[in-house]
Colleague: 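Before anything else, here's the structure in question.
As the structure is a prediction and not an experimental result, all values here were calculated from the model. Reminder, nothing fancy here: chain letters follow the sequence lines and each chain counts from 1.
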Amino acid sequence: MSLVFRPKHIFGETFSSLRRNFLMGFTAITTVAITLFIVGVFSIIVFDIQSVLNSIENQVEIAVYLKDNISDDLKIYIEDEIKEWPEVEEVTFISKDQALERFKTQNEGSDILKEIQGNPLPASFEIRLKDPQKIEQVALRFVDKDGGNIEGVDEVIYGRNYVKKLFSITAVTGTIALLIIIILVLATMVLIFNTIRLSIYARRKEIEVMKLVGATNWYVRAPFLFEGSFEGFIGGGIAVLLLYFLNRFLLIKGETALVETMRIKNLALLGTDNVIIFIYLAIIVIGILIGLLSSGFALRRYLKV
Amino acid sequence: MSLVFRPKHIFGETFSSLRRNFLMGFTAITTVAITLFIVGVFSIIVFDIQSVLNSIENQVEIAVYLKDNISDDLKIYIEDEIKEWPEVEEVTFISKDQALERFKTQNEGSDILKEIQGNPLPASFEIRLKDPQKIEQVALRFVDKDGGNIEGVDEVIYGRNYVKKLFSITAVTGTIALLIIIILVLATMVLIFNTIRLSIYARRKEIEVMKLVGATNWYVRAPFLFEGSFEGFIGGGIAVLLLYFLNRFLLIKGETALVETMRIKNLALLGTDNVIIFIYLAIIVIGILIGLLSSGFALRRYLKV
Amino acid sequence: MNMIEFRNVSKIYENDSAALKDINLVIKKGEFVFMVGPSGSGKSTFIKLLIKEISSTTGTIFIAGRNICNLKNNRIPQLRRNIGCIFQDYKLLSDRTVFENIAFALEVIGKPNYIIKAQVPQVLKLVGLYNKMDSLPHQLSGGEQQRVCIARAFVNRPPILLADEPTGNLDPATSEGIMKLLSRINLIGTTVVMATHEKSIVNAMRRRVVELEDGIIIRDQKRGVYGS
Amino acid sequence: MNMIEFRNVSKIYENDSAALKDINLVIKKGEFVFMVGPSGSGKSTFIKLLIKEISSTTGTIFIAGRNICNLKNNRIPQLRRNIGCIFQDYKLLSDRTVFENIAFALEVIGKPNYIIKAQVPQVLKLVGLYNKMDSLPHQLSGGEQQRVCIARAFVNRPPILLADEPTGNLDPATSEGIMKLLSRINLIGTTVVMATHEKSIVNAMRRRVVELEDGIIIRDQKRGVYGS
Ligand SMILES: Nc1ncnc2c1ncn2[C@@H]1O[C@H](COP(=O)(O)OP(=O)(O)OP(=O)(O)O)[C@@H](O)[C@H]1O
Ligand SMILES: Nc1ncnc2c1ncn2[C@@H]1O[C@H](COP(=O)(O)OP(=O)(O)OP(=O)(O)O)[C@@H](O)[C@H]1O
Ligand SMILES: [Mg+2]
Ligand SMILES: [Mg+2]
């Protein structure tokens, strides 16, 4: 035990061992690199799919169209009322003029614009909720006891069925994605463990001899553990590099398309949250940990000499 | 060479070798099973995403709204004209009554229905194209020389910008998905090759001894090749089983949601094309081939004794 | 007839150590030759060249009149099947039982099962390991492993038998038994080359002795003893 | 002082073969003992028990007065560092050079680098392998490998030296050198137990001889010869 920490021993052994057992070190490193690369790619994709779905969810709004003849007092009263509801994230008033303006931009160049005379569009409140799941509950507040709309409100639109289905899709894909990531990480661990175990198996005789010559378990183990973590680190580093290039030359194009067409913000690469940095770090940390633990576990049975 | 085919030798060797080298057989099989399982899951997901995108693409239609005062002759003339265009897959006439009917179903229970008096909705042709990419080209045929619509047509709607962006998304995701599948398959091959190579490395001394005792290359190789394919077969079989259960208890729920919400047909599991059977078969065939080739390659350097 | 012939054979290993230097030697069919010499003098190298475990650096080697230096790779197994070899480090298949190890040498040359089932126990009795038939090599003592290797080498009655220190781990009584066996095998016409350190054996047999030192033949005597 | 004591020790391997049966034996500090007996009689088993490579089935073994049968796992390395062992199958680390193999035995007990650098070449000269320092085990002849194993066993001057057929692959001259070395080591107080088949060596040395047969001690003679 007193000899556990002999840095020269540990580092020296690791590098000369990597040199001597090139094939096995190489194999372990490529296995770590490949599996973690796949986990990384998958995480980015899952994260982006979830972002797209969330952003669609969040775009779900309640539009409250007002009657043209609504009084200013009533309008302000309704607006204040809405603002006080705790479920509401944001409420925006769109005047008749703004509505026309927006319609014109959206239909720019279309023939329909020629036919619009005056301003047929109503003013409206657009309400975004903190939790889109409460949408029905909130929308129903604009309905009075008789089943009609409350005073001053012409129509309330929020697409009930569409919303329900959307939620069921995001729930299902969310579960599937999470499960698949878990399966992938477990699979990665098994694959790396398999490789490291085989490479230790190929060296079982050497371990036996070391023990017979009087080495303590820790003396034998330390270089293997360090070698395992080192392989994990290098493998993880390679995975990060591969991922970086894949991102740079491929995935970022996909995300750019998403941003342009659907105005989705919170993406893995283009988002402001640095999710990708977190993924990079996680890959390296996981690599080191799996390398370390795999070596430790795989060694156990050969140390019993 | 004359001793290559000795079935008893090959089969006997394989099974006693799997028994003796349990650890290595086990490792190879789990590696094959896990990697091919991941490839399988990914193929199903990619296939379904492509299906969703294709189906969205195909739902892109041109709606040609007719003036209320259009004569029957003119209507029939336009309809015949459209039907003759080679790009057109299908054209459906929606009369004013049908349009109202459809609007009512879509907005069932909504207050808006109460306020509809008479039938404000126009009759229309809905045109689906064989190749959705030609949509703009076709839509422009309803525009006359002066830039207005041709006689009898009130408005032509097909969301030009939306369509363009949609195509750019499907193109990008298509490329990404294909590349990822290729990367995955290559990665799988490397991982399986790594494992089999390590397990053969651990047995290099045995191979050397066999050769020194007078065994031909083929005599040594045959059981290893058979063992490799056998491990690939069993691993592939396990991957198919895992995939089957994953499909049955998880993915099929996702697909059911897709079918219900978006009416998407051509899915991996629920489609009529038996894509999933093809995936199952491919996994097993790939498993056997990779097992066979990996053993063959890994053996080469140890046979040079 | 010349069974084995070395013409100006040298072997220099990768790290520039010259194990054999310009060896010229003829061994006739049916001869019994002892190779003696200090540790590291090149005895094992001599034997390894004969089964083409390694290739000579220069010179040519003939076995039964045939140059084995330009043998195609796919002809090597044929060569090895005609030479029984007792390896200094035994070279047993560690994942097979004693029976399977010996059977392997017969399977390789395509002997049918019934012959294998008859011959293996017989040869095991000869080396005194009949009751260890189902043991794995690591379950055997050093001498027992050596005897398995001996049994494997002559189970298929090869015309040439190479023995690299076949008695290094055997007690005098067992050694004597093995030497009697080798003499009997030699009597029926098998050419035997045996590398050994055991003075008493060489002296008792009075056969041809070739002495190596530093890769050079320093003595070649018809009816020699260990140490001139 | 009793250095090694066996009390009613039996060893029965997993496959029910009894290698040692009810052995009682005392070896005093500074003694030199030959273990002789036919192949498979239990000599190596005796030695493996002492370094706890295997455990006895029944009975107790004392080394320097200490019962090693109930030694905790983490105390075993300590035991092995005090016993130099020449293994019958050498047990060299195949991916290290000769120098590194011997250095390893010193590193394990925490010897500083400058001592290692001084002692290893010295011991290599003793066994005549100074110029093979950088070779890997597979680049050595059988006898050279055996000498590396011998060098490793006594490089750290252990109080007990176990030698399992240390001269099995050595020519008479080299053997004699090794035996002189062992005698010298013995003279400075090291207890030596040596399993051997070599009649001439045992007869020349005239030390205590313990003869095993089928796992039973059939002779224990103060100044014995090989074969009573
Ligand atoms: N693979 C190799 N690479 C480099 N040198 C080698 C190799 N094999 C053997 N040698 C060297 O060649 C010389 C002769 O070796 P060889 O094995 O032929 O000796 P030997 O006569 O069989 O000795 P012993 O009686 O100890 O077995 C030795 O010095 C050895 O170190
Ligand atoms: N691991 C094992 N499992 C089962 N049986 C074994 C094992 N090791 C040794 N034996 C048996 O125990 C007996 C004694 O073996 P041991 O190695 O002690 O003999 P030995 O006296 O050293 O013989 P040799 O001189 O041939 O080396 C032998 O019959 C051997 O087959
Ligand atoms: Mg030799
Ligand atoms: Mg022994």
Side-chain angles (χ1 to χ4, degrees), chain B residues 1-28 196 198-228 231 295-296 299-305, chain C residues 44 47-55 72-97 99-114 116 136-138 145 148-149 151-156 158-160 162 164:
Chain B
M1 285 303 233
S2 62
L3 295 161
V4 174
F5 196 67
R6 302 227 311 173
K8 191 192 66 83
H9 161 63
I10 297 176
F11 301 132
E13 279 302 306
T14 299
F15 293 109
S16 51
S17 155
L18 281 176
R19 184 169 40 72
R20 285 186 297 242
N21 303 292
F22 176 76
L23 175 75
M24 289 178 289
F26 176 81
T27 308
I196 291 191
L198 270 189
S199 80
I200 285 180
Y201 173 78
R203 288 161 76 183
R204 66 196 181 286
K205 284 264 171 271
E206 309 290 309
I207 295 171
E208 188 192 318
V209 173
M210 292 181 193
K211 291 248 24 212
L212 286 179
V213 172
T216 57
N217 281 351
W218 275 107
Y219 193 83
V220 177
R221 201 185 270 138
F224 277 97
L225 293 184
F226 187 75
E227 190 177 328
E231 288 165 352
S295 304
L299 272 173
R300 283 191 319 172
R301 81 188 261 189
Y302 303 115
L303 284 173
K304 293 186 191 132
V305 179
Chain C
S44 297
I47 285 172
K48 286 176 186 164
L49 284 172
L50 285 171
I51 57 166
K52 241 176 137 42
E53 183 179 342
I54 55 180
S55 296
K72 280 207 217 95
N73 267 338
N74 61 359
R75 305 302 304 156
I76 295 179
Q78 200 55 45
L79 169 75
R80 290 180 184 157
R81 289 174 196 172
N82 285 308
I83 303 180
C85 188
I86 301 166
F87 301 94
Q88 191 169 12
D89 54 354
Y90 315 153
K91 294 204 194 293
L92 301 177
L93 293 163
S94 63
D95 58 358
R96 290 169 203 240
T97 65
F99 182 96
E100 290 167 339
N101 260 284
I102 296 171
F104 190 81
L106 291 172
E107 278 166 18
V108 151
I109 56 171
K111 280 266 162 31
N113 228 357
Y114 72 96
I116 294 176
L136 290 168
H138 77 266
Q145 290 179 31
V148 177
C149 183
R152 182 182 59 188
F154 64 73
V155 66
N156 63 0
I160 299 177
L162 308 176
D164 198 352

Colleague: Indicate the atoms forming the closest heavy-atom contact of C:Pro77 with B:Ala215, along with that distance.
Modeller: CG-O, 3.8 Å

Colleague: Is there side-chain contact between C:Lys91 and B:Lys205, with heavy atoms separated by less than 4.5 Å?
Modeller: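 Result no, sub-4.5 Å side-chain heavy-atom pair not found.
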
Colleague: Side chain, backbone, both or neither: which part of C:Gln78 has an atom under 4.5 Å from a heavy atom of chain B?
Modeller: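 Contact with chain B is absent: no heavy atom of C:Gln78 under 4.5 Å.
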
Colleague: My understanding is that only residues two or more places apart in sequence, or in another chain, count here; which of them pass side-chain contact (heavy atoms from CB on, under 4.5 Å) with B:Glu227?
Modeller: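 If we apply the side-chain contact (heavy atoms from CB on, under 4.5 Å) test to B:Glu227, skipping adjacent residues, the hits are B:Thr14, B:Ser17, B:Leu18, B:Arg203, B:Glu231.
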
Colleague: Nearest 0.5 angstrom please: B:Thr216 OG1 to C:Asn73 CG, how far?
Modeller: 12.5 Å

Colleague: Does C:Arg80 reach the main-chain N or O of B:Val213 with its side chain, forming a donor-acceptor pair under 3.5 Å?
Modeller: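 Looks like no, no N/O pair under 3.5 Å.
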
Colleague: Do side-chain atoms of B:Glu206 reach the backbone of C:Ser94 as a donor and acceptor pair under 3.5 angstrom?
Modeller: yes

Colleague: What I'd like to find out is whether the side chain of C:Ile51 reaches to under 4.5 Å of the side chain of B:Leu212, using heavy atoms alone.
Modeller: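 The answer is yes; the side chains approach within 4.5 Å.
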
Colleague: Counting neighbours of CG on C:Asn113 that are heavy atoms of other residues, nucleotides or ligands and sit closer than 6.0 Å, is the number greater than 12?
Modeller: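 Buried by this count: over 12 neighbours within 6.0 Å.
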
Colleague: Under 4.5 Å heavy-atom distance to chain C, tell me which part of B:Lys211 shows up: side chain, backbone, both or neither.
Modeller: both

Colleague: Roughly how far apart are B:Asn217 CG and C:Asn74 CG, rounded to 0.5 Å?
Modeller: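 So the gap between those two atoms works out to 8.5 Å.
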
Colleague: Who pairs with C:Arg96 by salt bridge (charged side-chain N to carboxylate O under 4.0 Å, His left out), at least two apart in sequence or on another chain?
Modeller: B:Glu13

